[in-house]
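One structure is given below, encoded as structure tokens.
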Amino acid sequence: MNNILELFITLLFIIFFLISLFAISKRYGFRKKLSVIFFGLSSLLSIINYYYQILDPLPDASLFHNLALQTIDNHFYFGNSIVEQSFGAVFFVNFIIVPFYIFFGDNALNVIIFNNFLIALVYMMIVRISIDIFKYFTFKASEEKIEKTTEIRIEYFSFILVFFYPSLFMYRLFLLRDPLIIFATVLFMFSLLLIVKKNINFRNMFLFIISLFLIIVIRPQNAPVLFICLIFIILMIKNINIFYKIIGLFISISIIFVFSELQVFRFLSLINPEYLMSYRYSQVIQFNSYLPQIYYSSWLDILKLAPLTTFYYIFVPFFWLETSYEYLIPSIDSLFIFILFILLLILSVRQKFPKNNMKNYLLFLMIFSLISLISYSIVEVYFGGAVRHRMQQIIVVFPILIGWIAKKRSNYKN
């Protein structure tokens, strides 16, 4: 009886999110068919995996579920269990999982369905960003309409890349915070693009601020990288009044340091070779690791080893090596990313980049992705951690590739 009730509540969630997708699609001119198919297929796969465990359960998913139950027990049933986790994990549990569990029962599937709704929104935003990048690559004005066939092609390219991105395909089926950080990252890209296009209004600024807040509170280690990149993009955007640039800098700095509270300052104060080395060593002991022999004795060591750690972070577990069934999907993910990087290399050589704000926007995306990849790689040693954490950096380049491929498939010549 409980299972039937749980499934009924889940179906109500799916219906609610489908109605929401219809409304958003109508508001922003998307074809409802693909967004509904995207969410519907994701939800169906999630339900099948939840009840039949097609993929092996993940420790972090069980951890988040138990943390939520402990939190509810402590607040409502006078429990005294100790909940000690990172700031981002506690935020995800307290503000996402716990409200779902309190109002709709402790069924993790409902949160997983919500995560799939967020990824459906990610798909829709990537379509919009890709269309603007296509216009930039074909020297069209941002307000200029594109051919219907090209727009449909971009939607299908986006569907394929986002839906079948191997690691995202796997991890969105579990109770994890990764879909939320990916949603926040793409929302940040989308709102920043609107601002770069000089659509500065309350809604766009609100989306921008919300995305910054989520990126930082979910993973506070993003703050230093985000801070550096934001200064770059704000200073580089042309044709925007100096007053707005000052306001933008002020808001960005305030959000980064206020919303992340002491986490950023603590993180910054700990950035030294000794701390980074001790963190790596602690992870090597706990997990099945790669590059366990690396040792940082100075900043020079970190700089010298950064190319190696970055290469491993991006591509492990290597698809060209034999791996067990346990690493089948991560190995496919490695091959997927390898192909993306080959395409990016070809794009950078063959594509012309007109000098305007969109060029600065694309440069920002690449710098943000690259610096974030290098920063994470310095301390990451766990195969699973690398596969999960790099998703938020890899998905940043999706719209660039989609816009470029759409240009190559169109009748435009340059």
Side-chain angles (χ1 to χ4, degrees), residues 49 53-65 85-86 88-89 92 112 115 119 161 164-182 185 218-219 221-222 225 275-296 301-302 305-342 369-398:
N49 186 66
Q53 294 189 353
I54 306 300
L55 298 175
D56 292 336
L58 298 177
D60 278 4
S62 300
L63 173 65
F64 286 136
H65 175 71
Q85 280 295 319
S86 67
F92 177 64
I112 296 171
N115 279 344
I119 299 301
L161 269 186
F164 293 105
Y165 178 14
S167 55
L168 182 57
F169 184 90
M170 176 173 64
Y171 288 123
R172 72 172 180 260
L173 302 181
F174 295 96
L175 183 65
L176 299 171
R177 55 179 163 160
D178 300 271
L180 183 58
I181 187 63
I182 289 172
T185 302
I218 298 169
R219 290 211 174 106
Q221 61 266 40
N222 287 328
V225 174
Y275 170 75
L276 297 177
M277 191 61 244
S278 64
Y279 182 86
R280 281 186 61 87
Y281 182 69
S282 67
Q283 301 300 300
V284 166
I285 293 174
Q286 296 181 53
F287 301 111
N288 183 13
S289 59
Y290 61 89
L291 296 179
Q293 76 282 3
I294 277 184
Y295 182 79
Y296 301 141
D301 286 341
I302 293 174
L305 291 168
L308 179 64
T309 59
T310 303
F311 180 82
Y312 268 76
Y313 175 73
I314 293 172
F315 294 114
V316 294
F318 300 129
F319 67 88
W320 56 86
L321 299 178
E322 291 186 11
T323 56
S324 64
Y325 171 76
E326 178 185 1
Y327 292 111
L328 176 62
I329 294 180
S331 296
I332 297 173
D333 185 74
S334 173
L335 174 61
F336 178 85
I337 294 173
F338 181 78
I339 295 171
L340 292 186
F341 270 77
I342 294 297
S369 180
L370 181 61
I371 294 178
S372 187
L373 284 168
I374 295 171
S375 301
Y376 273 76
S377 75
I378 290 171
V379 295
E380 187 62 70
V381 297
Y382 172 48
F383 287 104
V387 174
R388 280 177 56 189
H389 293 153
R390 71 191 179 203
M391 285 192 295
Q392 72 180 68
Q393 295 123 15
I394 297 299
I395 204 165
V396 170
V397 304
F398 277 19

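No hydrogens, no waters, no symmetry mates; every other heavy atom, side chains included, goes into these values. Predicted model, so just to flag it, every value in this text is computed and none were measured.
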Give the minimum heavy-atom separation between [X] and [Y], together with the two atoms involved.
X	Y	result
R177	F64	NE-CZ, 3.9 Å
I329	P166	CG2-O, 3.6 Å
S377	A306	OG-O, 4.4 Å
S334	P317	CB-O, 3.3 Å

Gap separating the [atom1] atom of [X] from the [atom2] atom of [Y], nearest 0.5 angstrom:
X	Y	atom1	atom2	value
I374	I314	CD1	CD1	8.0 Å
T310	L305	OG1	CG	10.0 Å
L328	L55	CG	CG	10.0 Å
S289	E380	OG	CD	10.0 Å
I54	L173	CD1	CG	10.0 Å
I218	L180	CD1	CG	3.5 Å

Please lay out, stage by stage, how F311 and L373 fare under the test side chain to side chain contact (heavy atoms under 4.5 Å, CB included). CA-CA 9 Å; F311 180 82; L373 284 168; over 6 Å; no
Run the ring-ring contact (aromatic ring centres under 6.0 Å, His included) test against [X] and tell me which residues pass, sequence neighbours left out.
X	result
F338	F319
F341	F315
Y312	Y290, F318

Under the 3.5 angstrom rule, does the side chain of [X] hit a backbone N or O of [Y] as a donor-acceptor pair?
X	Y	result
Q392	I394	no
N115	L176	yes
R172	I112	no
Y313	R390	yes

Pairwise side-chain contact, [X] with [Y], heavy-atom cut-off 4.5 Å (strictly under):
X	Y	answer
F174	N49	yes
Y376	N222	yes
Y327	V387	no

With a 4.0 Å cut-off on N to O distance, would you call D178 and R219 a salt bridge?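 Looking at D178 and R219, the cut-off is met.
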Can R388 and D60 be said to form a side chain to side chain contact (heavy atoms under 4.5 Å, CB included), step by step? CA-CA 11 Å; R388 280 177 56 189; D60 278 4; 2.5 Å; yes
Would you say S372 and Q393 are linked by a side-chain donor-acceptor pair, where the criterion is simply a distance under 3.5 Å?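 Yes, a side-chain donor-acceptor pair sits under 3.5 Å.
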Going by the side-chain contact (heavy atoms from CB on, under 4.5 Å) test, name the single residue among V381, T309, V316 that passes it with L291.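 So, applying the side-chain contact (heavy atoms from CB on, under 4.5 Å) to L291 and each of V381, T309, V316, only T309 qualifies.
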